[in-house]
Protein chains: 2
Amino acid sequence: MTAAANQSGRRPTTSRRLERAGIRDVAAAAGVSITTVSDALNGKGRLPDETRSRVREVAERLGYRPSAAARTLRTGRSGLIGLTVTTYGEEPFTFTEFAYFAEMARAATSAALGRGYALVVLPASSRHDVWGNIALDGTVVIDPPDQDPLVSELYRSGVPVVSDGKPGNCPVTAWVDNDHEAAVLGILDHLSEAGARRIGLLTGTSTDTYTRLSTEAYLGWCAKVGQEPVYETYPAHDPAAGAVAADRLLARPDRPDAVYGLFDPNGTDLLAAARRYGLRVPDDLLLVCCSESDVYATTEPPITTLSLKPRRIGTTVVNLLIDAIEGVDSGTGVDIARLFPPRFRTAGTGPPPGTLMPTELIVRASSQRRSPRTTVSPPRPPGEV
Amino acid sequence: MTAAANQSGRRPTTSRRLERAGIRDVAAAAGVSITTVSDALNGKGRLPDETRSRVREVAERLGYRPSAAARTLRTGRSGLIGLTVTTYGEEPFTFTEFAYFAEMARAATSAALGRGYALVVLPASSRHDVWGNIALDGTVVIDPPDQDPLVSELYRSGVPVVSDGKPGNCPVTAWVDNDHEAAVLGILDHLSEAGARRIGLLTGTSTDTYTRLSTEAYLGWCAKVGQEPVYETYPAHDPAAGAVAADRLLARPDRPDAVYGLFDPNGTDLLAAARRYGLRVPDDLLLVCCSESDVYATTEPPITTLSLKPRRIGTTVVNLLIDAIEGVDSGTGVDIARLFPPRFRTAGTGPPPGTLMPTELIVRASSQRRSPRTTVSPPRPPGEV
DNA sequence: AGCCCTTGGAGATACGTTTCTCCAAGAGTG
DNA sequence: CACTCTTGGAGAAACGTATCTCCAAGGGCT
């Protein structure tokens, strides 16, 4: 026993007694070797059940907790996944996609935990030293901008990266996105069928995939059906700007008789603007916005929303990422990612695999006209309600 | 050069060349010792600027990134902070406090990153092995239940714990909370001044601090002013139950003429219920709810809300935690937490230090009666709007 | 008896840092 | 000159685990 405890001459019995128990202490207490303890606790090696349970019992008694850092160092696996969120200004997450992000992050957290991983929230704008200081097995990137140096560096250094949102120019292991084009076209058709003659769009100024694809789909649709595009843009991270833009859109001489708002707060903003101009919804104005919030079920009138189903996205993204993490050396036992850095792989396999997920249109009163109108009334100046 | 590279006989030059560069490689390339590289990169030791910059340059050229795991193992610091959220059912976060939690978490993330730490999201219900597998420097616990075994174990094992919400029976390093009693009393007084004769409460069934303190404050106030308490409870994590409870409250024979709802969705739920019963807000019913959402600025009518200022809470919690983490051995260089486990400390120092933070009442139309009424109309059965 | 195979387990090494200790060479100083 | 101090840096010991290699003892078989 003492021989085992004093192996390699370490840890003289005289000094600190209050240290947390390590694997050596367990080995000493159980009268076995370190190897045996490790094997017993991890279910490896060839040990009779008796030894296994005895070791486990001793470990339990000593309150032994394996050191995560040592395990990570040894195995090269930390069980940590980075969750990168785009930032505007000082804040870690975007305001505008907030409900979406929150739902998505929640689902991602669940999925990761279910597979034994935990999520670390890491804004893309973080100080470089923070990123470097964390051992990540992989990273989820939400809506990477066109050329994200962070993503490129991660990918280059061999960390699997899966993005929510089809990446522009950054190489990623895989990506997941909604079918934004189909979603927008579906909404425009829906509004047309409800009698809309001139459909407007409230969109953002940023270059992320969501904004870009949605706007392009709108413009394409306009070109196809021969409608002059009617849209206003604003910096989506600024809620105040959203209200102003909504107002601007309804104040135009070519005021639309239906509007789709790309961002969550647009619904209430447009509703408020409509009230200011004396427009009734849905009689004078059809309304749809993209939102995950159920407040739109109880507004007056309830507003039709497009849900991006963030839960499904979050779950899918995380599962793809973990598959990539574990798939790499689960097959041959060889760490392919290290032997063949990304530049070799991409050349052979072409673009990274992407998954398109459907959206869901929740139709409410705001997009269903009771009696279709044939004329478009001119805008009225803001006045009393 | 080759001599330095082959020190201690490791890493024969014949084998794998594609490994990520380690500190040894940098040392070899720069023709210095490992010690010098470490010192140069970390700004320690006594080195001429020339050596320092040369080493840095070589490290940069080789794309050297220190291994977080090794550093953590050596220093005992991971730079990781756990963010524990209470869970109801399967989901990692609560639904009801969602906006609050989101804001709080965002602020906490910012604050942590600003001080070089990152946040790991860890639902309290996570599998034990996930908790054990992560090296945490400390943990933030949101609204711990009365006897949280997780918190107790963390604290016992020497990990600093700071809670958002005054803890019931779990020992923590420190805690931060709103002054819920003052907040509720302030609201009740506000409603009284607006002419309320019978103030009802919509509250939760769970035992967290927020619900408990708020309800107690309400009951105390009722006792003081001689009003019979009028309240309904529901499981706060179930949005559907909230709508039902709101309905129940307004359907009572002793229907209140003013209601305070403790949870975010209560505002819209109560508004909807009021409409169902033909009650006008604020004429027939004064309304206040606790919420961080700004949708209540644009409801019809706008609803007075109590904000718990989650950003301030999140920032404060994290700063307290990091102070505790860094304060422990910044003074004497001795790790007090290890030499004197919590059970020794608590005996001497009494209850953990707590901080109460003020709330903010955002007064809108729903709690200001235009013409004070003196009679309370009986409830009407649900019918047309 | 000699041989191989299985079982149970011990030893040692490596993971990649940080840091404590120590040393050599000048530089000043009496 | 003999000495101390400072500068610049090297060596080696941890940190705590996982795992590869190897060994001893016994059992069955020819």
Side-chain angles (χ1 to χ4, degrees), chain A residues 1 3-4 6-12 15-16 19-28 30-52 54-55 59 62 64-79 132-133 135 333 335 338, chain B residues 3-4 7-12 15-16 19-28 30-52 54-55 59 62 64-79 132-133 135 333 335 338:
Chain A
M1 194 136 65
N6 266 344
Q7 62 160 338
S8 74
R10 288 182 193 156
R11 190 166 300 230
S15 76
R16 42 241 192 103
E19 294 285 346
R20 209 161 60 113
I23 198 175
R24 276 191 303 268
D25 303 308
V26 178
V32 297
S33 74
I34 294 181
T35 307
T36 306
V37 175
S38 178
D39 284 349
L41 263 38
N42 296 332
K44 306 202 168 174
R46 301 166 305 186
L47 297 178
D49 287 348
E50 194 274 328
T51 306
R52 226 175 265 279
R54 183 165 47 88
V55 169
L62 296 187
Y64 168 70
R65 296 273 173 270
S67 149
R71 174 173 291 171
T72 299
L73 178 58
R74 180 63 229 237
T75 62
R77 258 328 139 61
S78 67
N133 248 341
D335 193 334
R338 292 197 163 182
Chain B
Q7 61 159 337
S8 77
R10 284 182 194 154
R11 189 166 300 231
S15 77
R16 37 236 195 112
E19 295 283 344
R20 208 161 59 117
I23 196 174
R24 275 192 305 269
D25 304 308
V26 177
V32 296
S33 73
I34 294 181
T35 309
T36 305
V37 175
S38 179
D39 284 349
L41 262 38
N42 296 331
K44 305 200 170 176
R46 301 166 304 185
L47 297 177
D49 287 347
E50 194 275 327
T51 305
R52 223 176 269 279
R54 182 165 48 89
V55 169
L62 296 187
Y64 168 69
R65 295 275 173 266
S67 147
R71 173 175 289 167
T72 299
L73 177 58
R74 178 64 230 237
T75 62
R77 265 316 146 61
S78 67
N133 247 340
D335 194 336
R338 293 198 161 181

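Just so we're clear, the structure is a prediction, and the values are computed from it rather than from any experiment. Worth knowing before you read on, the calculation uses all heavy atoms, side chains too, and leaves out hydrogens, waters and symmetry mates. Residue numbers start from 1 in every chain, and the chains themselves are labelled A, B, ... in the order their sequence lines are given, proteins ahead of strands.
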What nucleic acid atoms does R46(A) come within less than 4.0 Å of, heavy atoms only: base, sugar-phosphate, or nothing? base
Starting the side chain at C-beta, find the nucleotide from dA10(C), dT17(C), dA10(D) nearest to T35(B). dA10(D)
Between atom CZ in R74(A) and atom C1' in dG16(C), what is the gap in whole Å? 12 Å
Quickly work out the R65(A) CZ to dC15(D) C1' distance and round it to whole Å. 20 Å
What is the separation between atom CD1 on I34(B) and atom C1' on dT19(C), rounded to the nearest whole Å? 12 Å
Measuring to OP1 and OP2 of dT19(D), would you say a side-chain N or O of K44(A) lies under 4.0 angstrom away? yes
Which salt bridge (Lys or Arg N to Asp or Glu O under 4.0 Å) pairs, counting each pair once, include a residue from residues 36-50 of chain B, with sequence neighbours left out? E50(B)-R54(B)
Would you kindly give the CD-to-P distance between E50(B) and dT7(D), to the nearest whole Å? 17 Å
Taking all atoms of both residues into account, what is the closest heavy-atom pair of A135(A) and S78(A), and its distance? O-OG, 2.7 Å
Run the side-chain donor-acceptor check on residues 31-38 of chain B: report pairs under 3.5 Å with partners two or more places apart or on a different chain.
from: S33(B); atom 1: OG; to: T35(B); atom 2: N; distance (Å): 3.4
from: S33(B); atom 1: OG; to: T36(B); atom 2: N; distance (Å): 3.3
from: S33(B); atom 1: OG; to: T36(B); atom 2: OG1; distance (Å): 3.1

Heavy-atom donor-acceptor pair, T72(B) side chain to A69(A) backbone, under 3.5 Å: no
Write down the distance between CZ (R24(B)) and C1' (dC15(C)), rounded to a whole number of angstrom. 9 Å
Atom CZ of R71(B) and atom C1' of dG16(D): how far apart are they, to the nearest Å? 18 Å
Give D39(B) one of three labels, base, sugar-phosphate or nothing, depending on what nucleic acid heavy atoms sit under 4.0 Å from its own. base
Which part of the nucleic acid, if any, lies within reach of T72(A) when heavy atoms closer than 4.0 Å are counted: base, sugar-phosphate only, or nothing? nothing
What closest approach, in Å, do I23(A) and Y64(A) show between heavy atoms, and which atom pair accounts for it? N-CE1, 3.4 Å
Rounded distance in Å - CZ (R52(B)) to C1' (dG8(D)): 11 Å
Categorize T75(A) for me: base, sugar-phosphate, or nothing, with a 4.0 angstrom heavy-atom threshold over every strand shown. sugar-phosphate
When you check the phosphate oxygens OP1 and OP2 of dG9(C), does a side-chain N or O of T51(A) lie under 4.0 Å from one of them? yes
Heavy atoms only, 4.0 Å cut-off, all strands: where does S38(B) land among base, sugar-phosphate and nothing? base
Distance test, side-chain N/O of S33(A) to OP1/OP2 of dA10(C), below 4.0 Å: yes
Nearest to the side chain of Y64(B), heavy atoms from C-beta on, is which of dC15(C), dT19(D), dT17(C)? dT17(C)
Can you check the I23(B) CD1 to dA14(C) C1' distance for me, whole Å? 16 Å
